[in-house]
2 protein chains.
Amino acid sequence: MNSVKNLPEKTIERLSQYRRVLLDCLRQGKYNIYSHELASLLHINPVQVRRDIMLIGHNGTLRKGYDVKRLSDMIGTIIDSKEGQKVAVVGVGNLGRAIMTYFQGKRTKLVIAAAFDTDPAKVNRVIAGIRCYAASEMEEVIRKEGITIGVITVPPDKAAESAEKLVMAGIRGILNYTPVALNVEPHAYLEEYDMVTSLEKVAFFVKNRS
Amino acid sequence: MNSVKNLPEKTIERLSQYRRVLLDCLRQGKYNIYSHELASLLHINPVQVRRDIMLIGHNGTLRKGYDVKRLSDMIGTIIDSKEGQKVAVVGVGNLGRAIMTYFQGKRTKLVIAAAFDTDPAKVNRVIAGIRCYAASEMEEVIRKEGITIGVITVPPDKAAESAEKLVMAGIRGILNYTPVALNVEPHAYLEEYDMVTSLEKVAFFVKNRS
DNA sequence: ATAACATTGTTATTTTTGTAACAAAAAGAA
DNA sequence: TTCTTTTTGTTACAAAAATAACAATGTTAT
């Protein structure tokens, strides 16, 4: 079977990036775009762009490139859920707030619906447009709101506990920003990102450049 | 040639993660670790762990695993620079502060030495232990301090300008957290990370799970 | 002492990802 | 019209990454 479910992981990442660029284009009144333009905006190869677009079953127009609106809609049908998905941010520290602020009114299909923290100064307040609940209410709120994705931005020592609570609440996907490897399989899809690793990687390549 | 410079990119990322786990082990008084333990802590395959460790020319002891201290030191010789490297954070918003706080006193070989912002309320103050300078002083401070790496955490519309300034100041590596693809080649090594893409990826896999 | 086991180190194989090559066809030039 | 150029769509190839297979060998059990 060659359906959308089998798209390569890297292609999914790039689709998200293509759409970001495409939405910028629309804002600027640009209605067509060539594969090589998309490619150079993202520092990748034009062939890869065409290949990705082929894989999702879209097609462009010879010598006119891709219709920006149509392509971005098409990407939407691939990566968005029809009814949208709700996201919870667990941990309203600097990083949590960064994400909440960043998403404010950005996507309609991926909405941050709740934040959780243990700090009484934050609980029951609205931060960056998002209601902050007590961590103890997590299961209840997640179920009631139908939240499917959790973003963990708590301090490292609270990470495992937060993940466990999310899983208990029936969460389906977790994006973990703490440097603690979580164990949530097979209940939830897990994506981990560690800023230190990224920075150390940059440092390594800086050091080893001729 | 099969030197350290030719290590696969993914291996570099994993080395950073191995070290993180190894340092945790040391703190907990665990002095030996098996490849399968390291692997399960990072959700990867034990063979990959052994292979990575082989590639850096380290070796363990049969049936005793790897010496935690020796291995973590060895990883240090690969990914750290002997004299260390200094990092600047450009943009002291929520995300910038998250990174500054996070690094406070963590690594000795990778030190955040300065932050930059345009907000007068932040300039010339010390935030999370780091001196915040005016953006206009960027070139001067970076050269004077010998800063080699820049982390960009400004709002999207300031991203290109910030990158340009960093390059002008002779920066060698950039970690870009804004959703704007920068063009800094061939002056600096560039690593980009977009939180929206990560979240959309999680959303996609949540949606497409059986 | 011998057998069974556990674990590393390494080579071989498979899978995934990226790139090159090129046919097809529309647009413009001669 | 016919030729050249440009750009897509697709297949073929190459590179990178991950996994499997297995030899080597020390350890424990019998």
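Just so it is clear, the model here is predicted, and its values are computed rather than measured. Per chain, numbering begins at 1; letters A, B, ... match sequence-line order.
Atom CG of B/Asn32 is separated from atom P of D/dG26 by 17 Å (rounded to the nearest Å). Following rounding to the nearest Å, A/Lys10 (NZ) and C/dT19 (C1') show an atom-to-atom distance of 16 Å. Put simply, CG on A/Asp52 is 8 Å from P on C/dG18, counting in whole angstrom units. If you measure from atom CZ of A/Arg14 to atom C1' of C/dT17, you get 8 Å, rounded to the nearest angstrom. Put simply, CD1 on B/Ile12 is 13 Å from P on D/dA18, counting in whole angstrom units. Following rounding to the nearest Å, B/Leu7 (CG) and D/dA17 (P) show an atom-to-atom distance of 11 Å. Rounded to whole angstrom, the span from the CD1 atom of A/Ile44 across to the P atom of C/dT19 amounts to 9 Å. The interatomic distance linking B/Gln48 (CD) with C/dT14 (C1') rounds to 14 Å, in whole Å.
Counting only heavy atoms from C-beta on, B/Asn45 has its side chain closest to D/dT19 among C/dG18, D/dT19, C/dT17.
Comment: A/Glu145 does not engage A/Arg131 in a salt bridge, judged by the lack of any side-chain N to carboxylate O separation of less than 4.0 angstrom. A/Arg20 and B/Glu200 are not joined by a salt bridge, as no carboxylate oxygen comes within less than 4.0 angstrom of a charged side-chain nitrogen. Between A/Asp73 and A/Arg70 there is no salt bridge, since none of the side-chain N atoms of the basic residue sits less than 4.0 Å from a carboxylate O of the acidic one.
A search for side chain to side chain contact (heavy atoms under 4.5 Å, CB included) contacts involving A/Ala114 returns A/Phe116, A/Tyr133, A/Val141, A/Ile147, not counting sequence neighbours.
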*For each nucleotide in nucleotides 8-15 of chain D, reading 5' to 3', give B when a protein heavy atom comes within less than 4.0 Å of its base, S when such contact involves only the sugar-phosphate, and - otherwise.*
BBBBB---

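Results of the side-chain contact (heavy atoms from CB on, under 4.5 Å) test with B/Leu110 over B/Ile79, B/Asp80, B/Thr148, B/Ile149 single out B/Ile149 as the only residue that passes.
Atoms CD and CZ, from B/Glu9 and A/Phe205 in turn, are 4.5 Å apart once rounded to the nearest 0.5 Å.
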